Amino acid sequence: MSDKVLLDYGSGGRASQRLISQLFLNHFSNDELNRLNDAAELSMSGRLAMSTDSFTVDPIFFPGGDIGSLAVHGTVNDVAMMGAIPRYMTCGYIIEEGLPMADLETIVASMGEAARHAGVDIVTGDTKVVPKGAVDKIFINTTGIGDIIVDPAPSGDAARLGDAVLISGTVGDHGLTILGTREGLEFEAAVQSDSAALNHLLVKLVQELPEVHVMRDPTRGGLATTLNEITGSSNVCCELDESAIPVRLEVKGGCSILGLDPLYLANEGKFLCILPEEHSEKALEIMRADPLGQDACRIGTMTDANPGKVVLITALGGKRLLGMLEGEQLPRIC
Amino acid sequence: MSDKVLLDYGSGGRASQRLISQLFLNHFSNDELNRLNDAAELSMSGRLAMSTDSFTVDPIFFPGGDIGSLAVHGTVNDVAMMGAIPRYMTCGYIIEEGLPMADLETIVASMGEAARHAGVDIVTGDTKVVPKGAVDKIFINTTGIGDIIVDPAPSGDAARLGDAVLISGTVGDHGLTILGTREGLEFEAAVQSDSAALNHLLVKLVQELPEVHVMRDPTRGGLATTLNEITGSSNVCCELDESAIPVRLEVKGGCSILGLDPLYLANEGKFLCILPEEHSEKALEIMRADPLGQDACRIGTMTDANPGKVVLITALGGKRLLGMLEGEQLPRIC
Amino acid sequence: MSFEFLEKFRDPELCRKMLDRMEAELESDLRFMEVCGTHTVAIFQSGLRSLLPKKIVHLSGPGCPVCVTHESEVNAFLDLAANERVIMATFGDLMRVPGDNGRNLKKAVADGARVKVVYSPFDTLKLAKENPDDLVVFIGVGFETTAPTIAATMKMARQQGIKNLRILCFHKTVPLALDALLSDEAINVDGFILPGHVSAIIGTKPYEFIAEKYNKSAVVTGFEPLDILQSLNQMIDWRKKGEAHVVNNYTRIVGENGNTKAVEIMYEVFEPIDALWRGIGLIPGSGLEIRAEWEEFDAKKEFGITIEDCAPLKGCKCGDILKGIKQPDECPLFGKPCTPANPVGPCMVSTEGSCAAYYKYKLD
Amino acid sequence: MSFEFLEKFRDPELCRKMLDRMEAELESDLRFMEVCGTHTVAIFQSGLRSLLPKKIVHLSGPGCPVCVTHESEVNAFLDLAANERVIMATFGDLMRVPGDNGRNLKKAVADGARVKVVYSPFDTLKLAKENPDDLVVFIGVGFETTAPTIAATMKMARQQGIKNLRILCFHKTVPLALDALLSDEAINVDGFILPGHVSAIIGTKPYEFIAEKYNKSAVVTGFEPLDILQSLNQMIDWRKKGEAHVVNNYTRIVGENGNTKAVEIMYEVFEPIDALWRGIGLIPGSGLEIRAEWEEFDAKKEFGITIEDCAPLKGCKCGDILKGIKQPDECPLFGKPCTPANPVGPCMVSTEGSCAAYYKYKLD
Amino acid sequence: MCLAVPAEVISIEDDTAVCRVDRGQTTVKASLMLLPEKPELGEFLIIHAGFALRILDREEAEKSLRSMNLAVEGV
Amino acid sequence: MCLAVPAEVISIEDDTAVCRVDRGQTTVKASLMLLPEKPELGEFLIIHAGFALRILDREEAEKSLRSMNLAVEGV
Ligand code: SF4
Ligand code: SF4
Ligand SMILES: [Mg+2]
Ligand SMILES: [Mg+2]
Ligand SMILES: [Mg+2]
Ligand SMILES: [Mg+2]
Ligand SMILES: [Mg+2]
Ligand SMILES: [Mg+2]
Ligand SMILES: [Mg+2]
Ligand SMILES: [Mg+2]
Ligand SMILES: [Mg+2]
Ligand SMILES: [Mg+2]
């Protein structure tokens with residue numbers, strides 16, 4: 001294969017076949033994918049969780065991961081947030097003509113590795129190569145599917161009065177890492193993306209505690225936005241204890257320079273767990289037993305104070321709204 | 001909402017929520033999507049078919065369809081080619097900052113309409129907005145899932161000696177339509193894309209004829225490439241009767257000017273059906289009873305002449321190889 | 001020194017005591033106004049506002065440089081952004097500020113304008129070098145804190161022989177604006193929290209007129225909760241005694257004479273000019289303009305840009321809010337239709353505007 | 001007239017009769033060579049080749065303009081494509097033609113070059129107008145069929161005052177190349193199928209030397225199966241009689257004097273020059289060069305491009321194939337490593353090359 | 001690369017003809033700059049790279065067909 | 001927009017200081033062009049838009065804290 005990706009590699013012709021067999025099958029190989037049918041044949045049954053995400057992160061390689069591993073983690077996590085065991089994944093690559101083949105191989109290898117680690121098979125895929133300038137380097141879509149193992153499945157509208165709000169670790173690491181790679185921003189932070197597959201931990205959690213009401217990963221928009229979505233859907237108020245929210249000093253420092261709030265920065269390896277008060281200690285115990293949840297802690301409670309809103313109880317003991325942003329200035333973190 | 005798509009609409013914040021609720025939910029509305037969870041909860045069982053495709057067609061609006069309807073048809077068809085009833089779909093939008101909102105709405109409306117017509121629910125999705133220049137207008141990924149209703153499912157490696165090769169209608173319509181929209185190509189053809197959801201017809205076909213060996217839609221790379229894939233996987237020879245292959249005169253004419261072969265042009269609403277000789281008449285009858293298969297005909301036979309190859313028997317009665325192209329000169333037809 | 005030490009200025013325990021003292025000492029409403037958007041945000045974000053005694057009335061003055069950037073100035077930079085030769089460079093704060101017909105820089109980018117958000121004006125040097133065939137125009141917005149950084153950038157550009165950098169200079173200075181505000185009879189403020197970082201540059205002397213001419217108190221204050229609480233307690237004491245003072249509480253950062261080198265650099269490049277303030281109007285001598293000796297950088301000259309006053313916004317109560325006559329949520333437009341996503345008046349424009357802070361942080 | 005009428009030239013029934021006649025009349029092998037890539041493709045694509053009697057030996061001459069474009073010419077346009085000022089315009093045929101180190105235009109695009117595939121050279125006028133700050137360079141490749149279209153485009157460009165269009169002129173002419181080929185002692189061909197569309201421009205006279213000088217037959221022929229079969233039958237008859245003729249069988253398109261207007265326009269702009277043919281070498285007077293009066297369009301002059309001969313390719317048997325001494329699949333490199341995706345020699349380069357046609361269409 | 005196709009003139013404007021290719025409704029534009037004479041509507045042109053190279057001579061075409069038929073007569 | 005943060009000087013090169021922000025390992029570069037005097041390593045700067053505006057005066061900071069404590073004594 002040539003040292004750059006050419007349009008021919010997305011043509012459906014011989015060049016496409018070479019790319020698929022020599023690169024994708026090589027790194028993703030499994031019986032179903034290898035058949036190269038229009039669709040994969042899967043055997044599943046009962047209640048399924050299905051989720052999709054497109055990944056357009058810039059830069060495509062960043063401390064702690066790359067677009068390939070991120071594309072696995074993002075989707076595996078979304079499936080697992082439903083109390084499901086992620087089983088199968090599809091991937092759709094859109095590649096810019098001229099992308100170094102070595103970069104593509106690194107990404108595909110990283111994706112294969114992440115999928116094996118998460119225990120999911122990539123069973124079907126699609127590759128498009130578009131003319132130079134029609135896409136920025138590479139975008140990846142992944143769609144995942146898994147078996148839901150609890151009934152009812154955790155859901156964003158299932159938070160209830162009195163529920164404890166837990167977070168699995170520090171917030172803002174991924175968002176600040178991406179910012180730190182931006183040219184022109186003259187800061188350096190010893191921090192890396194938290195991008196990780198949470199499914200093994202999440203499955204353990206719901207198996208032992210099927211009482212979990214909500215699980216959700218605070219990705220784009222960060223903790224604040226995700227909690228606002230949940231309080232909005234569940235019509236409860238989340239009272240958050242600012243001092244309890246774990247934020248790395250490096251992330252705090254980076255945010256102070258840029259005038260940003262870490263609660264709005266993206267995470268790619270954290271989850272919120274909302275469940276009845278009485279199970280919160282047990283949940284924390286399970287979370288902390290896993291390296292991906294070792295900094296887990298309780299950060300708030302669902303109350304009836306301001307239904308639909310998130311209220312931050314500040315370090316001073318004051319209260320203020322933690323609203324949803326209109327948009328954000330920081331593009332392409334996922 | 002503003003008259004152009006802004007980065008904010010992909011931020012995960014309020015602007016994103018407005019876009020989702022006012023545009024996507026409005027056109028796609030169904031119970032599962034409306035819950036806006038990280039993943040959709042589906043109830044299915046048994047053998048499932050799952051397929052994904054990214055759509056990067058340029059132009060995004062073309063005679064006979066647009067990228068929204070195409071994104072439904074492409075995936076619905078791939079699922080149905082497995083002898084499955086397509087049930088659910090996900091969609092991932094990647095939108096260029098500055099895309100006219102009216103264009104986006106047209107595309108989303110068209111996608112909603114196509115999904116309803118195909119009888120699939122769009123149950124979860126993802127929207128990214130990337131900076132101007134980071135993508136060319138809009139790309140859409142769809143992933144579909146359906147219940148396989150035959151055992152074994154049709155498969156690209158299941159063609160057998162003596163099988164009849166049927167095509168559901170004229171070839172090259174989509175590819176030539178897209179070429180006809182290209183600036184600088186001074187030809188006009190009264191032809192439109194054949195983009196269509198074939199699932200209702202395909203389901204009828206396999207229900208009545210579970211003996212079907214292969215069903216496949218000759219998209220990128222056209223009839224020639226798809227047949228080469230099948231003969232390669234099944235290790236049989238496809239002897240094709242050139243005179244029997246239906247090609248519109250408009251497509252023939254356009255190809256003659258450009259020096260192209262219609263057998264390599266993409267189709268988005270046609271399928272190849274390969275099945276035991278004795279069922280071919282029945283299959284054609286079923287196909288012709290549906291408007292989408294009214295021009296169906298038999299175009300060839302699987303033999304042992306040149307295993308793995310496609311042989312064209314020309315109008316003169318000569319024989320030649322119908323090979324696979326290295327790549328193609330015609331980008332972004334899907 | 002250490003960061004732990006600096007964190008003492010946020011000590012919750014001491015804050016609580018300050019608040020208790022305040023509650024105990026307050027006899028009647030104390031109406032105070034901060035003149036710096038960073039204070040506005042600090043007071044809301046820390047939760048301090050929710051802890052202040054009812055009798056403390058918190059008002060926000062014309063303290064956000066983005067909010068007071070005049071409609072005509074906004075339209076001028078939006079017009080310029082549409083120019084194909086131009087790459088606009090700007091602080092992120094300006095990206096959403098609306099001009100006429102709902103235009104803003106975010107939408108301009110969507111329409112094809114090239115706009116680059118910079119963290120420091122220094123970044124424009126690199127931008128200019130990387131785009132030698134284009135004109136990089138930096139939108140010079142900000143008070144005395146910021147103006148010297150632009151002046152220093154211009155000096156560096158001249159030194160490096162950069163020919164394609166321009167500054168669209170809309171800088172404003174704080175003391176004369178305060179004077180204009182205070183000269184309004186309707187003003188109803190007991191004391192001012194003065195902008196700490198502006199003062200780090202200009203020192204404390206330029207504010208002395210507040211006590212002398214208007215008999216009001218004013219404190220140069222830092223941005224930590226204790227800084228603010230301490231200043232409020234002082235004002236309570238002074239009012240009890242019937243006194244009015246201008247004092248510097250932010251001595252760790254602010255010297256009496258400020259940063260003379262920065263002031264020098266600022267006035268080497270800029271000179272005072274009459275300026276239009278959004279929601280306030282013309283304030284003589286309250287703006288900065290590029291001196292003739294530096295006109296090679298002057299985007300206004302290059303593009304013949306002039307700034308004219310225009311009719312005030314219908315229904316917007318910003319005038320009353322800036323003067324402390326009304327609170328944001330007393331404006332009938334607040335929240336509907338006026339929101340940060342769709343601001344009607346200046347106070348909703350920037351995240352540091354008083355209406356925006358109310359909208360974003362205040363619990364009902 | 002009608003298309004139905006034209007389709008009669010493909011009538012399968014008549015073809016069969018022609019083939020039967022051929023079989024009946026053939027006494028020994030007839031080795032014929034076509035000199036036009038379009039004939040090569042027509043013979044393979046129609047399936048005609050598989051129907052020809054075994055005694056008919058089909059050989060492909062130097063008839064594809066892409067294949068005979070010299071290695072140095074290919075490197076020259078690849079070098080130029082990398083120039084940032086340049087937008088290359090080209091027929092699609094050249095996109096995959098390999099230069100040294102495996103370079104080609106497709107890879108150049110991936111590396112950032114701007115290359116635009118055009119259907120007609122006329123399209124370059126629009127391209128030049130749309131990109132006034134860039135230089136549009138059209139790669140002028142092709143025989144007499146194509147050269148007049150480029151000449152007409154240059155005339156139109158001058159008329160429209162277009163200043164930023166250049167032609168990288170590598171055009172070649174057929175008759176002298178045939179002469180060179182025939183002068184080789186090793187040549188083993190009984191008769192030639194002459195390029196119909198080249199002849200539409202130059203007429204039939206320039207080929208008369210084939211019979212006169214070399215005592216071989218040659219027929220100007222159309223591209224439909226019957227055109228080709230009819231010409232082959234004639235050659236069989238002539239050989240029987242021991243005669244050699246040059247005749248025109250494509251009279252519906254080709255006049256004795258060709259298209260005098262097109263020839264005039266072509267030579268108004270171009271003049272003959274010695275040219276290097278890939279796989280053959282230097283053929284005096286067989287190329288076209290832009291005349292001094294038109295040098296404002298001359299990319300070679302503008303960029304100081306000269307074309308030098310270089311060592312022939314190792315292992316490639318194209319020389320023998322072009323002369324009819326070997327068939328493509330007799331080359332040890334055929335199919336491995338030499339394929340259309342990764343061509344070693346000229347005959348595998350374009351889809352009209354004889355090795356490429358073998359690879360693409362021939363059944364084992 | 002010498003590919004040229006016959007097409008029927010359906011309209012002419014200035015030096016450009018719009019021509020129908022094959023029996024369907026596909027048309028292509030061709031410059032008439034290289035043609036010595038102006039074609040009539042309904043005549044056939046042979047088009048290469050956007051230029052008409054020649055007007056197709058119907059009588060010659062018929063003659064050719066006749067001679068082809070003659071050549072195999074009695075076969 | 002007058003946001004400025006304190007940061008500790010950890011190295012200086014030419015007219016630029018690399019400074020640590022908060023207790024973690026995040027650093028930012030700041031131009032010293034506007035400072036009347038050169039800071040020492042370990043000193044704190046107040047940084048705005050990439051420029052150091054002032055060196056933080058430790059004694060004054062301690063004085064302020066003392067007076068704050070004094071103000072609430074006995075409360
Ligand atoms: S809410 Fe809006 S309209 Fe009302 S005062 Fe504030 S900015 Fe003006
Ligand atoms: S197969 Fe390749 S190497 Fe051999 S003669 Fe043909 S072009 Fe040359
Ligand atoms: Mg398919
Ligand atoms: Mg998702
Ligand atoms: Mg997600
Ligand atoms: Mg696909
Ligand atoms: Mg790019
Ligand atoms: Mg999620
Ligand atoms: Mg698919
Ligand atoms: Mg498909
Ligand atoms: Mg998503
Ligand atoms: Mg674009």
Side-chain angles (χ1 to χ4, degrees), chain A residues 6-8 11-15 35-54 56 78-79 81-82 84 88 90-92 94 123-126 128 130-131 134-136 139 141 143 145 148 153 155-157 216-217 220-221 225 324-328 331-332, chain B residues 6-8 11-15 35-54 56 78-79 81-82 84 88 90-92 94 123-126 128 130-131 134-136 139 141 143 145 148 153 155-157 216-217 220-221 225 324-328 331-332:
Chain A
L6 306 179
L7 278 182
D8 282 347
S11 65
R14 278 179 206 281
R35 299 180 75 190
L36 293 177
N37 269 328
D38 272 351
E41 178 175 338
L42 314 174
S43 187
M44 302 183 81
S45 73
R47 291 156 58 239
L48 308 180
M50 186 180 195
S51 183
T52 195
D53 264 315
S54 298
T56 61
D78 276 348
V79 169
M81 297 298 156
M82 297 289 288
Y88 302 111
T90 66
C91 71
I94 304 177
V123 287
T124 187
D126 178 55
K128 295 284 188 303
V130 297
V135 78
D136 188 15
F139 293 167
N141 175 283
T143 302
I145 187 162
I148 299 177
S155 176
D157 54 10
R216 197 165 274 193
D217 51 345
R220 263 188 306 185
T225 302
M324 214 161 172
L325 295 186
E326 169 63 13
E328 65 168 67
R332 301 171 64 194
Chain B
L6 307 179
L7 278 182
D8 283 347
S11 65
R14 279 179 206 280
R35 298 180 76 191
L36 292 177
N37 271 327
D38 273 351
E41 180 176 338
L42 315 173
S43 188
M44 301 182 82
S45 73
R47 293 155 58 240
L48 308 179
M50 186 178 195
S51 183
T52 195
D53 264 315
S54 299
T56 62
D78 276 348
V79 170
M81 296 300 155
M82 298 289 289
Y88 302 110
T90 66
C91 71
I94 304 177
V123 287
T124 187
D126 178 55
K128 296 285 188 302
V130 298
V135 78
D136 187 17
F139 292 167
N141 174 283
T143 303
I145 189 163
I148 299 177
S155 177
D157 54 10
R216 196 163 274 193
D217 50 346
R220 264 188 307 185
T225 302
M324 212 161 173
L325 295 186
E326 168 63 15
E328 65 167 66
R332 300 170 64 196

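Proteins come first, then strands; the chains are lettered A, B, ... in the order of their sequence lines, and each starts at number 1. All figures in this text were calculated on a predicted structure; none of them were measured in a lab.
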Compare every heavy atom of B:Thr52 with every heavy atom of A:Asp126, then report the nearest pair and how far apart it is. CB-O, 3.7 Å
Is there side-chain contact between A:Ile94 and B:Thr56, with heavy atoms separated by less than 4.5 Å? yes
Please determine, among B:Met81, B:Arg35, B:Glu326, the option with the most heavy-atom pairs under 4.5 Å with chain A. B:Glu326
Counting only non-hydrogen atoms closer than 4.5 Å, does B:Leu6 touch chain A with its backbone (N, CA, C, O), its side chain (CB onward), both, or neither? neither
Side chain, backbone, both or neither: which part of B:Met82 has a non-hydrogen atom closer than 4.5 Å to chain A? side chain
Does any part of the side chain of B:Asn37, heavy atoms only, come nearer than 4.5 Å to the side chain of A:Asp78, both counted from C-beta? no
Going from CD1 on A:Ile145 to OG1 on B:Thr143, what distance comes out if it is rounded to the nearest 0.5 angstrom? 10.0 Å
Side chain / backbone / both / neither for A:Ile148 at chain B, heavy atoms under 4.5 Å: side chain
Is there a side-chain contact between A:Arg14 and B:Thr225 (heavy atoms, below 4.5 Å)? no
In terms of heavy-atom pairs under 4.5 Å with chain B, which of A:Ala40, A:Gly13, A:Ala15 leads? A:Ala40
Side chains of B:Arg47 and A:Leu42: closer than 4.5 Å at any heavy-atom pair? no
Please identify, among A:Asn141, A:Val79, A:Val123, A:Leu36, the residue contributing the most non-hydrogen atom pairs under 4.5 Å to chain B. A:Asn141
Using the side chain to side chain donor-acceptor pair (under 3.5 Å) rule, take B:Arg220 and A:Ser11 through it: C-alpha gap first, then chi angles, then the decisive distance, then the call. CA-CA 7 Å; B:Arg220 264 188 307 185; A:Ser11 65; over 6 Å; no
Are B:Met44 and A:Met44 packed together at the side-chain level, in the sense that at least one heavy-atom pair is separated by less than 4.5 angstrom? no
Test side chain to side chain donor-acceptor pair (under 3.5 Å) on B:Ser45 and A:Ser45; report intermediate values, then the result. CA-CA 4 Å; B:Ser45 73; A:Ser45 73; over 6 Å; no
Within a strict 4.5 Å, meaning less than it, do heavy atoms of the B:Leu48 and A:Glu41 side chains meet? no
Pick one of side chain, backbone, both or neither for B:Met50, based on which atoms fall under 4.5 Å of a heavy atom in chain A. both
Which of the residues B:Gly12, B:Gly156, B:Ser43, B:Gly46 is involved in the greatest number of heavy-atom pairs with chain A at under 4.5 angstrom? B:Gly46
Tell me the closest heavy-atom pair linking B:Asp38 and A:Ser51, and the distance in Å. O-OG, 2.7 Å
